[in-house]
Amino acid sequence: MTDYQTALASNYDNLSLLANTSGKPDESLAWCRKAIPVLEAVRVKEPNNANVAQVLRNASWNEAESLTKLGRHAEALPAWDR
C-alpha cells in the first residue's frame, strides 16, 4: 500500500512541477498540498524509506517555490525548512 501512496504522491508532485514551470504557482501549490500529507503519512510508517524522503523533498521544494512566487514568503519558510 505504501508503494501505491508514494507513486500517487510522486504523480501529484510531477503535476505540481509542471504547473510551477508553466507559470501557475497557485495550481502547483494545490498539487503540493495533495502530495505532502500522503508522503508524511507514509514516512511515519516507513521512516527510513529513501524514495519517500526524496519525493517529500521535491514536493516541499515545489511548495516553497510556489508560495514564494505567490509572495507568501512567511508561509514558504516551513516548506523550505522541510
Side-chain angles (χ1 to χ4, degrees):
M1 180 61 125
T2 58
D3 288 341
Y4 167 79
Q5 291 170 310
T6 304
L8 176 65
S10 182
N11 287 329
Y12 288 159
D13 180 50
N14 288 335
L15 291 167
S16 169
L17 179 61
L18 178 64
N20 206 3
T21 57
S22 298
K24 301 175 184 175
D26 51 340
E27 186 178 319
S28 174
L29 184 59
W31 286 113
C32 292
R33 299 272 165 94
K34 287 184 177 197
I36 291 170
V38 173
L39 294 163
E40 288 178 337
V42 173
R43 188 172 61 170
V44 168
K45 294 177 190 174
E46 297 183 24
N48 298 321
N49 186 320
N51 187 40
V52 173
Q54 181 179 8
V55 177
L56 180 57
R57 179 198 57 110
N58 293 345
S60 297
W61 182 280
N62 287 331
E63 180 186 32
E65 275 197 337
S66 298
L67 287 166
T68 300
K69 287 178 181 179
L70 291 168
R72 295 162 58 181
H73 304 290
E75 289 179 69
L77 285 175
W80 286 121
D81 288 341
R82 190 180 323 108

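Everything numeric in this text was worked out from a predicted model, so none of it was measured.
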Please report, to 0.1 Å, the donor-acceptor pairs under 3.5 Å made by any side chain of residues 24-32, with sequence neighbours excluded.
{"unit_1": "S28", "atom_1": "OG", "unit_2": "S16", "atom_2": "O", "d": "2.9"}
{"unit_1": "S28", "atom_1": "OG", "unit_2": "S16", "atom_2": "OG", "d": "2.8"}
{"unit_1": "S28", "atom_1": "OG", "unit_2": "S66", "atom_2": "OG", "d": "2.8"}

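- Looking at V52 and Q5, their side chains never come closer than 4.5 Å, going by heavy atoms from C-beta outward.
- Hydrophobic clustering of Ile, Leu, Val, Met, Phe, Trp and Tyr side chains at less than 4.5 Å, counting indirect connections, unites Y4 with L15.
- Considering only heavy atoms from C-beta on, H73 stays 4.5 Å or farther from L67 through its side chain.
- One distance of note links CH2 of W80 with CD of E75; it measures 14.0 Å at 0.5 Å rounding.
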Check residues 34-43 and write down every donor-acceptor pair under 3.5 Å in which the side-chain atom is one partner and the other belongs to a residue at least two apart or another chain.
none

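- Atom-to-atom distance recorded for N20:CG and E65:CD is 5.5 Å, nearest 0.5 angstrom.
- Taking both residues in full, the closest heavy atoms of N58 and D13 are given as CB-OD2, 3.3 Å, listed atom of the first, atom of the second, then distance.
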